[in-house]
Amino acid sequence: MKLRTILASLALLVAGSVTAQQAPPASQVRDDVILDMQKAFQAGNKARLTQLLPLVQGHPLEAWAAYWELRARLDTASTDEVRQFLDRYAGTYQEDRLRNDWLLLLGQRRDWTTFAQEYPRYRMNDDREVRCYALLVEATADPARLPAASEEVRRNWLAQRNGDDGCTLAASTFYGQRGSRLTAGDVWRKVRQSVEANRRQAASDALEIVKPESLPLLAELSARPSKFLAGKVFAFSRTRREMVGLALIKLATSDVDSAAGLLENKWGPQLHPEERNWVWAVVGRQAALRMLPEADSYFDKVQRDKDLSDDLLGWQVRAALRSPGGPDWKNIARAIAAMSEAAQAEPAWKYWQARAILAAERPTEAHRAKAEQLLESIASPRGFYEQLALEELGQKVTVPPRPAPPTEEEMRAARENPGLNRALYAISLGLRSEGVREWNYTTNLHRPGGLDDRELLAAAQLACDREVWDRCINTSERAKGAFDFAQRYPMPFREQVVRRAQEISLDPAYVYGLIRQESRFVMDARSNVGAAGLMQVMPATARWTARKMGMAGFSADQLHDRDTNIAIGTGYLKLVLDDFGGSMPLAAAAYNAGPSRPRAWRNGVPVEGAAWAECVPFSETRDYVKKVLANTTFYAAMLTGQPQSLRARLGTIGPRDASQPEANGDLP
């Protein structure tokens, strides 16, 4: 039975939960008007939204329609209008979504009185800019809150890639105040991070806080760092030293060797130790991003690891993993030890810390116990490092027992949840973004602390039953104490996937592992660069693959057909896998980032597959490779019923054997 048909019986229930007025019969409410309103909202057509709003009274998605209409004109709406909306749709995602938008507007307007009245009702609490405004209001009203508020603002501000009004305003206000924990060093750190990431506006905003008169120098060094450095002789003040450091950072993003040479031979002795350590770490990271053999030696020049951010320390570990003489376990242990407690708790760094301990020349029994404790704390079938930890402890990846299925009472509660039903209805209409946001909100914030494991399993099962696989997977994954593998690793279209994979000698577990990461089995998925369908194939890649397969008359529109998408996607994956000599990590990287990049990334000394995956320069591809291989290993355990090894699939990765030519050198 189709999702729309199933949900029709719930339409009046959902509509009745969000409006006090009597809903008209379901036959009188029109989905096409809702779709027209969503298009009008995207186009910014305020008049059209106001015109259509009366036509959707009583529709299951009326709250969305009302949100779009008011959000489009929020900058001119009265406070009474906003509050009437919030009262009418109280308890819904749309209420809190509009409150989030309104709080941002109030902050931009500096209407702190209204902001302070409304913020306590805000439930999402996941918008850093809103939180920064709130911390500013709290510390202004109660100066005793300044130390804690400034510390939280500092963390939020440094974590942002791009600047925003809220955190920039709070940082600017707190900087220099007695009792504030936001220091000049923090502000200069923000400038450094922004310059390296080429975030010019964020760098300017931060510099304006600490040294506004130096903005022209920032523009100069950003445009021509080599010329800027050539024109300077001495770094005789904090500002001049920082500017030299920024120029070296900027230079390192394009010419690592020149930056290292200038730092070593001219500028290093003139910089403060903390500044010098940071710049050497940036040079090391830029070298590691290019997989240069010197990267580890650049990090060796850092004299105090505590001067670095967790991000730089992570790259210190990666550089050490690819050290020319083999993993530099001392540098790995040293970098992880300098990380914050939160970073050290991440599975990746727990795993490599344990490996570093075990790789010591003569580890004591106490050291071995510490390593075992670290591995046991993460070992499970759940993810990449969790599976590797299992193998390090001498175990394999197996399918755990399923928890007890949701009871009828638990399922009834999920089926009758208005937010879940509204989300499913939106997804059924093609409003996937809206539906996903409402689903996530409902499962996260249905009550303080979110849903418990049993409720999450029931919500996940509801999504599974409706074949909304991405919500099925994501919701089940959030159950901390329960591992329902059928929800987390579903196998839709099993007959088609397994048959097609076997026809071309491809491991069906690998296909499932890739699809799960690419699209979460959403057949109409489309990426922002145009990749389409279950296997997220780019049109140009699909046409090339179709020609290789001898598929006559292929057009990109056919990618929306399930079986065609599977045929093209598996065909391309097989060609890529053959080109990389059967290496699953390299083929996964090629599928995500194109084949030319992993061809370069495999050069240098051979390294174990886990280290190679951790050192992939692109964060998206690094995450992708690890998840596809972990998915593959678990799917293999499900499909075969036998214990599986992730490590065996990772193998060792090094340069291509010159005696073996590329199988498909023209891969797109």
Side-chain angles (χ1 to χ4, degrees), residues 128 131-132 150-163 167 171 181-183 185-199 202-203 206 245 249 252-253 273-289 295-296 298-322 327-357 374 377-378 383-386 610-611 613-623 626:
R128 279 199 179 113
R131 182 59 182 158
C132 283
S150 61
E151 172 61 26
E152 189 174 344
V153 165
R154 186 188 74 84
R155 291 197 305 269
N156 286 343
W157 189 49
L158 289 175
Q160 289 178 320
R161 287 175 60 82
N162 295 309
C167 292
R181 294 178 183 168
L182 197 142
T183 67
D186 295 321
V187 183
W188 282 114
R189 175 176 288 198
K190 179 69 173 180
V191 181
R192 295 172 195 166
Q193 291 174 339
S194 302
V195 167
E196 187 187 7
N198 199 29
R199 306 283 177 181
I249 288 169
T253 62
E274 184 272 337
E275 298 158 355
R276 184 169 58 249
N277 289 337
W278 187 283
V279 179
W280 270 123
V282 169
V283 170
R285 170 162 56 190
Q286 290 298 325
L289 285 167
D296 189 39
Y298 290 148
F299 276 109
D300 260 340
K301 296 180 183 295
V302 174
Q303 295 177 347
R304 201 177 100 101
D305 298 313
K306 286 292 185 181
D307 289 336
L308 309 184
S309 65
D310 286 338
D311 187 48
L312 286 172
L313 291 166
W315 280 103
Q316 184 173 349
V317 174
R318 295 183 185 107
L321 284 170
R322 287 185 65 96
D328 183 345
W329 295 111
K330 287 184 179 179
N331 262 2
I332 290 169
R334 163 188 149 190
I336 295 173
M339 291 178 179
S340 66
E341 287 186 14
Q344 289 187 41
E346 293 176 15
W349 308 134
K350 281 192 171 187
Y351 175 78
W352 290 116
Q353 183 184 9
R355 290 283 306 275
I357 292 171
L374 287 167
S377 70
I378 61 171
F384 184 79
Y385 283 111
E386 292 87 341
E614 185 56 55
C615 294
V616 169
F618 293 177
S619 58
E620 178 191 323
T621 306
R622 182 165 62 250
D623 184 63
K626 290 189 284 190

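- Taking E152 as the reference, R131 meet the salt bridge (charged side-chain N to carboxylate O under 4.0 Å, His left out) condition, with sequence neighbours excluded.
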Legend entry - From CA spacing to verdict: side-chain hydrogen bond (donor to acceptor under 3.5 Å, both in side chains), Y385, W352: CA-CA 9 Å; Y385 283 111; W352 290 116; 2.8 Å; yes

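- Inter-residue side-chain proximity for V279 and I249 is flagged as met; some heavy-atom pair is nearer than 4.5 Å.
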Legend entry - Worked check of salt bridge (charged side-chain N to carboxylate O under 4.0 Å, His left out) between D300 and R334: CA-CA 11 Å; D300 260 340; R334 163 188 149 190; 3.8 Å; yes

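- Side-chain contact between P273 and R304 is absent, with no heavy atoms from C-beta onward closer than 4.5 Å.
- Remark: F384 CZ to D623 CG distance equals 10.5 Å, nearest 0.5 Å.
- Put simply, CG on L374 and CD on Q353 are 5.0 Å apart, with the number rounded to the nearest 0.5 Å.
- Residues R276 and K301 form no side-chain contact, since every pair of their non-hydrogen atoms from C-beta on lies 4.5 Å or further apart.
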Inset, instruction - Check step by step if side chain to side chain contact (heavy atoms under 4.5 Å, CB included) holds for Q286 and T253. - result: CA-CA 6 Å; Q286 290 298 325; T253 62; 3.9 Å; yes

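- One finds no salt bridge joining R192 and E196 here, because no Lys/Arg side-chain nitrogen approaches an Asp/Glu carboxylate oxygen to under 4.0 Å.
- Summarising the geometry, atom CZ belonging to R285 is positioned 10.0 Å from atom CG belonging to L313; distances are rounded to the nearest 0.5 Å.
- Taking the ring axis of W315 as reference, the NZ or CZ atom of R318 stays within 45° of it and closer than 6.0 Å to the ring centre.
- A pairwise comparison of heavy atoms in A319 and F299 identifies CB-CD1, 3.7 Å as the closest pair.
- Shortest non-hydrogen contact noted between A295 and A288 is CB-N, 3.6 Å.
- Atom CZ of R154 sits about 12.5 Å away from atom SG of C132, to the nearest 0.5 Å.
- E274 and D307 make their closest contact through CA-OD2, 3.5 Å (heavy atoms, listed as atom of the first residue, atom of the second, distance).
- No side-chain heavy atom of R322 sits less than 4.5 Å from a side-chain heavy atom of D296.
- From K306, atom NZ reaches atom CE of M339 across 10.5 Å, with rounding to the nearest 0.5 Å.
- Considering every non-hydrogen atom in both R181 and D186, the closest pair reads O-OD2, 3.4 Å.
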Inset, instruction - For side chain to side chain contact (heavy atoms under 4.5 Å, CB included), just list the numbers for K190 and Q160, CA-CA rounded to whole Å, side-chain angles, deciding distance to a tenth of an Å, and then say yes or no. - result: CA-CA 9 Å; K190 179 69 173 180; Q160 289 178 320; 4.0 Å; yes

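- Of all heavy-atom pairs between V302 and N277, the closest is CG2-O, 3.6 Å.
- Between A335 and V317, the shortest heavy-atom distance links the atoms CB-CG2, 3.8 Å.
- We find the CH2-CZ distance between W157 and R189 to be 11.5 Å, quoted to the nearest 0.5 Å.
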